[in-house]
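Chain naming here is simple, since letters A, B, ... match the order of the sequence lines and numbering starts at 1 in each.
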There are 2 protein chains.
Amino acid sequence: MSHTAGIRQTQKLKTRQALLDAALLLLEHQSLSSLGLREVTRAVGVTPTAFYRHFEDTAALGVALVEETLGSLHGLIAAVLTETGDSEERLDRSVEVIARHVGAQPAHFRFIAREQHGGVGPVREAIAAQLFRFAEEVALALGQEPGSAGWSEEDLLMLGGFYVDHMVMTASALLEAGPEREREVVRQTRRRLRLVTIGRAHWLDEAPARD
Amino acid sequence: MSHTAGIRQTQKLKTRQALLDAALLLLEHQSLSSLGLREVTRAVGVTPTAFYRHFEDTAALGVALVEETLGSLHGLIAAVLTETGDSEERLDRSVEVIARHVGAQPAHFRFIAREQHGGVGPVREAIAAQLFRFAEEVALALGQEPGSAGWSEEDLLMLGGFYVDHMVMTASALLEAGPEREREVVRQTRRRLRLVTIGRAHWLDEAPARD
DNA sequence: CAAGTCAGTGAACACTCGTACTCCGAACGG
DNA sequence: CCGTTCGGAGTACGAGTGTTCACTGACTTG
């Protein structure tokens, strides 16, 4: 039972990762549906045929990139929301966390924003599935707060999805704005989230139960 | 001063429109950056060379599609918001209007959603410009309501942008959901907008002026 | 240490692509 | 009516595409 290293498998993973990295780099200025298999292998320095040892398609490579980008983020946002502090602080910290992540690996998030509605079905579905998981996690975290007493499961999921969608929106806004307009976007996002938070506080007072 | 017909120009516009229509059809399952010039002309039934008589690029064709889709919508949302009725009614009508438009011309909105963050710069910019105009219009309409007394210009624009972004989000959600899940999406969107509306009503009570 | 596995090679296949030419003929303007 | 304009056709080019195939040689395994 030697699942340690293995020179062969190590090298294979290395090449695979090189393919992913090269693809991400190329995807900065184009979308996945126009990304060529040869283009990627050329950037890595391997033969086009070698690509097939790792991915069936460029679509499959896209799905792998989705996992790489979003898979490691689970629990993160929920953790921020569960932190202590008043709602205003938590809100600021959430936005800050997003801004930091986007700033640290812009290419990954640009990829997600671009392919969320892009032309490659499997990738769209993979992103949607990951985002839905985020929404569930956020809903769960929100449900454990005292401020969410009396909220239905459905409304919590609605709110969680709202936050998640807005995070994606913010990420893509940050990317389009560039570093110099980052503070502006952060400021506007905080205000929008504050609006939602205020609405949340008065939801049970005013929300009609109809339909 | 004969800007009437002209057989020649009429025919030219006809071909141009045929190119746009064919492109839109092809873009249903791929994104603009992977759309070939030849592919479009083949679908129309003209020579590849003829394309250049109408557009310099496929990018230019994309920009034209943006104008076609969003150019005719100006004033529409603002008009709905300016209607009489309580805020709840206006909100429902807004969502209804979106759902109707998306249902009537899905391909156009799919294109917008896809290319908003797509790989073609000029098209992204064209969409962003149009959406900003919408935000301004909505902000103006909101500012004229009694409920917006005391709101700063900046906050009105923030709110207008919020609504517009959410409309785009809703449109793309409707497209992904398909007709059978449409009611579900509409319902969720109404709730989200209601949340924002409630927050809006209490904005001045609770929003700190800081930063 | 021999047998087998398998990541990566290299050449070839049958395409599609954007673009540069020349050319045609119907619509146009004076 | 006649010369000009110009939307579109036709052809050809070089470059790039995904995929298949037989292959090699370093690693792994019994």
Next on the checklist: Without decimals, in angstroms, what is the distance between A:Leu61 CG and D:dG18 P?
Outcome noted: 12 Å
Checklist entry - Among C:dA27, C:dT9, D:dG10, which is the nearest nucleotide to the side chain of B:Ile7? => result C:dA27
Checklist entry - Would you call A:Arg200-A:Glu145 a salt bridge at under 4.0 Å N-O? => result yes
Item to check | B:His166-A:Phe162 aromatic ring centre distance below 6.0 Å | outcome: yes
Item to check | Aromatic plane relationship, A:Phe134 with A:His74 - under 30° parallel, 30 to 60° tilted, over 60° perpendicular | outcome: parallel
Item to check | Reported CG-to-CG distance for the pair B:Leu26 and B:Leu35, which is rounded to 0.5 angstrom | outcome: 6.0 Å
Next on the checklist: One thing to verify: whether B:Arg187 and A:Glu154 come together as a salt bridge, which I'm taking to mean a side-chain N less than 4.0 angstrom from a carboxylate O.
Outcome noted: yes
Checklist entry - Counting N and O atoms only, with roles assigned by atom type, does the side chain of A:Arg90 sit under 3.5 Å from a partner on the main chain of A:Gly85, one being a donor and the other an acceptor? => result yes
Checklist entry - Taking NE2 from A:His54 and P from C:dA7, how many angstroms apart are they, rounded to a whole number? => result 7 Å
Item to check | Nearest-angstrom distance from the residue atom CD of A:Gln9 to C1' of D:dT29 | outcome: 15 Å
Checklist outcome for this item: Protein-proximity profile, nucleotides 20-25 of chain D, B/S/- by nucleotide at the 4.0 Å heavy-atom cutoff, equals BB---B
Next on the checklist: Without decimals, in angstroms, what is the distance between A:Gln11 CD and D:dC27 P?
Outcome noted: 9 Å
Next on the checklist: At a heavy-atom distance below 4.0 Å, what parts of residues 18-44 of chain A sit against DNA chain C?
Outcome noted: A:Arg38
Checklist entry - Below 4.0 angstrom from OP1 or OP2 of C:dA7, is there any side-chain N or O of A:Thr15? => result no
Item to check | Rounded distance (Å) that lies between atom C1' of D:dC6 and atom NZ of B:Lys12 | outcome: 8 Å
Checklist entry - When the distance from CZ of B:Phe51 to C1' of D:dA9 is rounded to whole Å, what number comes out? => result 17 Å
Checklist entry - Under 30°, 30 to 60°, or over 60°: which ring-plane class applies to B:Phe51 and B:Phe55, parallel, tilted or perpendicular? => result tilted
Item to check | Salt bridge flag under 4.0 Å for residues A:Glu184 and A:Arg181 | outcome: yes
Item to check | Lys/Arg-Asp/Glu bridge criterion (N-O < 4.0 Å) met for B:Arg124, B:Glu115 | outcome: no
